[in-house]
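What's counted below: heavy atoms across the whole structure, side chains too, no hydrogens, waters or symmetry copies. The model shown is predicted, which means the values in this text are computed figures rather than measured ones.
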Amino acid sequence: MNIALVGYELEGRAAYIYWSNLGAQITICDAAADKQVPDGVDTQLGDDYLQNLDRFDVVWRTAGINPQKIIDANPGIEDKITTTMNEFLRVCPTKHVIGVTGTKGKGTTSTLITKMLEADGKQVFLGGNIGVSPFEFLPKLNNDSFVILELSSFQLADLNISPPMAVCLMVVPEHLNWHNDMDEYIIAKANIFKYQKQQDTAVYFAQNDLSKKIAGYSPGNKIPYFAQPGAFIEDHMVQIAGQSICDIDDIQLLGKHNWENICAAITVLWQITQNIEALRSVITTFSGLPHRLEVVRDALGIKYYNDSFASTPDSAIAAMDAITASKVMILGGFDRNLPLEHLAKAAVNHNEDIRKIIIIGNCAPRLAEEFEKVGFSNYFVDESKSMHEIVASANTFAHNADAVVLSPGFPSFDMFKNFEDRGNQFKDAVNSL
């Protein structure tokens, strides 16, 4: 088999090992002219990396490269394009595969499901958008293994095999610089359900119309969460099927938005096991993933939270709601021109517990304009490009017993490599106080 690997970073390296083990003739195609590749491998690097791909039997694309970009450069090549997810789902030996998508909460929900299954004694592997290629654990799988896949719209855009069980969390506008419009984004998400069978299961967020719409593409059994018959919150308890799982005061994850993620995970688990103790043990101990409302430290009477993963306005609003203390919020970043009216209104609604909002990044003029439109003036535009200086600026506004919260609500690309780099720089600045 003659195969082109289009894009060669973490995912591409795992794909190279996978296809090499199958004896394929590989050519690495990447936009970086100086890309480091294995010795002896054929390459097509630089500006022409997408040219003449029709000469290959298979064209594998990394998730970040839009398939339409490949097709535009190579008309008629659609049937040759594949991805890690399509290939993995084609050859995966176990039917216990659970896919998780949505705009936000995918990583947390996927991890909750993984930990709950592990607490129930299952062999579980977690991969996908969370940073682990399923090619890495494919050789370890057997018929009884469980696989959890966190799936972004980039990975779902041309998916043609759906997981037997899939979950769609809250969906709001996102990645509209990658997708042409919101309709294309929804259609991409819908591929997680579109190819399911009648005996398969589609779990969706009952209070989000887009989640319900996306789940409607499934021919399988559709189960809502945050409403019966899925898991829901009532009488201060997390409940499902007449059973109380735990008191909401015992939940370790911060924020009411994580109640939704917990209910999604429980609804999935309930289709597999009703081991209440296993569910409870995870809910009452798991406090979250890095860069998601992560407590960095207490310093001089101020608590610092790293929520760098929050790259949409809705995520920043969730952080405002979750941190009930008086707080200095650090908002801003790369402007993708998403609607900001609801973020501005949320700031007004939190006026009593917001000490100050610090705006950073190239979105600053537009976000400041939206604040002014709703009469919110308690903000400061910080033009610094240094996270140490931004944290120092936040400290000038914070009082004893306040919180300083980095929850940008925008991507990081104008100032940082990615959300991890942004969050790590924030933690470094805080830890150096």
Side-chain angles (χ1 to χ4, degrees), residues 1-95 97 99 125-143 145 147 149-163 178 188 191-192 194-195 418:
M1 183 181 295
N2 192 14
I3 182 168
L5 299 185
V6 182
Y8 192 71
E9 290 295 340
L10 288 175
E11 190 181 16
R13 289 195 282 274
Y16 174 79
I17 294 171
Y18 171 78
W19 294 106
S20 293
N21 289 338
L22 293 179
Q25 175 63 40
I26 296 171
T27 299
I28 292 174
C29 306
D30 196 280
D34 58 351
K35 179 66 65 175
Q36 297 296 307
V37 302
D39 291 340
V41 68
D42 293 335
T43 61
Q44 184 168 301
L45 305 177
D47 293 341
D48 295 331
Y49 77 108
L50 294 181
Q51 300 304 309
N52 302 316
L53 298 184
D54 54 352
R55 72 185 190 272
F56 295 97
D57 300 316
V58 174
V59 176
W60 172 93
R61 72 168 182 90
T62 193
I65 297 177
N66 193 310
Q68 191 59 49
K69 187 175 182 180
I70 299 174
I71 294 167
D72 289 344
N74 303 270
I77 204 175
E78 292 90 337
D79 292 342
K80 292 187 176 185
I81 299 175
T82 192
T83 63
T84 293
M85 290 305 159
N86 275 319
E87 179 66 11
F88 174 77
L89 289 171
R90 186 182 73 83
V91 301
C92 180
T94 176
K95 301 301 181 184
V97 181
F125 297 88
L126 172 62
N129 193 57
I130 205 160
V132 178
S133 170
F135 283 157
E136 294 182 24
F137 53 72
L138 179 60
K140 302 176 185 178
L141 300 179
N142 58 52
N143 291 339
S145 303
V147 174
L149 298 175
E150 181 197 340
L151 298 170
S152 71
S153 62
F154 300 172
Q155 292 163 314
L156 292 170
D158 50 1
L159 194 75
N160 54 35
I161 304 172
S162 299
W178 199 88
N191 285 334
I192 199 172
K194 184 177 179 181
Y195 304 101
N418 46 46

### side chain to side chain contact (heavy atoms under 4.5 Å, CB included) between Y195 and L89, worked out
CA-CA 12 Å; Y195 304 101; L89 289 171; over 6 Å; no
### Task
Mind checking the CG-CG spacing from L156 to L151? Nearest 0.5 Å is all I need.
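L156 CG to L151 CG: 5.0 Å, rounded to 0.5 Å.
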Does a side-chain heavy-atom distance below 4.5 Å link [X] with [Y]?
X	Y	answer
Q51	C29	no
S145	F125	yes
I28	P38	yes

With a 3.5 Å distance limit and no angle check, can you tell me whether [X] reaches the backbone of [Y] through a side-chain donor-acceptor pair?
X	Y	answer
S162	N191	yes
N160	N86	no
S153	A188	no
D57	N2	yes

Indicate the atoms forming the closest heavy-atom contact of [X] with [Y], along with that distance.
X	Y	answer
I65	R61	O-NH1, 3.0 Å
E150	Q155	O-OE1, 3.4 Å
A14	F135	O-CD1, 4.0 Å
P163	G99	CB-N, 3.8 Å
C92	L138	CA-CD1, 4.3 Å

Enumerate, atom names and distances included, each donor-acceptor pair closer than 3.5 Å involving a side-chain atom of residues 73-80, sequence neighbours excluded.
| residue | atom | partner | partner atom | Å |
| --- | --- | --- | --- | --- |
| N74 | OD1 | N52 | N | 3.2 |
| N74 | OD1 | L53 | N | 2.8 |
| N74 | ND2 | L50 | O | 2.7 |
| N74 | ND2 | I70 | O | 3.0 |
| K80 | NZ | D54 | O | 2.5 |
| K80 | NZ | F56 | O | 2.8 |

### Message
Please check if the number of heavy atoms outside N142 that lie under 6.0 Å from its CG is greater than 12.
### Response
yes
### Query
What's the verdict on side chain to side chain contact (heavy atoms under 4.5 Å, CB included) for V37 and D30, showing C-alpha distance, side-chain angles and the deciding distance?
CA-CA 10 Å; V37 302; D30 196 280; over 6 Å; no
### Query
Please walk me through it: do T43 and Y8 pass side chain to side chain contact (heavy atoms under 4.5 Å, CB included)?
CA-CA 11 Å; T43 61; Y8 192 71; over 6 Å; no
### Task
For the pair F154 and N129, evaluate side chain to side chain contact (heavy atoms under 4.5 Å, CB included) and give the outcome as yes or no after the intermediate values.
CA-CA 9 Å; F154 300 172; N129 193 57; over 6 Å; no
### Summary
For V58, the side-chain contact (heavy atoms from CB on, under 4.5 Å) test, sequence neighbours excluded, returns M1, I3, T82
With sequence neighbours excluded, tell me which residues meet side-chain hydrogen bond (donor to acceptor under 3.5 Å, both in side chains) with [X].
X	answer
K35	E9
E11	T62, T84
D42	Q25

Give every donor-acceptor pair under 3.5 Å between a side-chain atom in residues 15-23 and any protein atom, sequence neighbours left out.
| residue | atom | partner | partner atom | Å |
| --- | --- | --- | --- | --- |
| Y18 | OH | E87 | OE2 | 2.5 |
| S20 | OG | Y16 | O | 2.7 |
| N21 | ND2 | I17 | O | 3.2 |

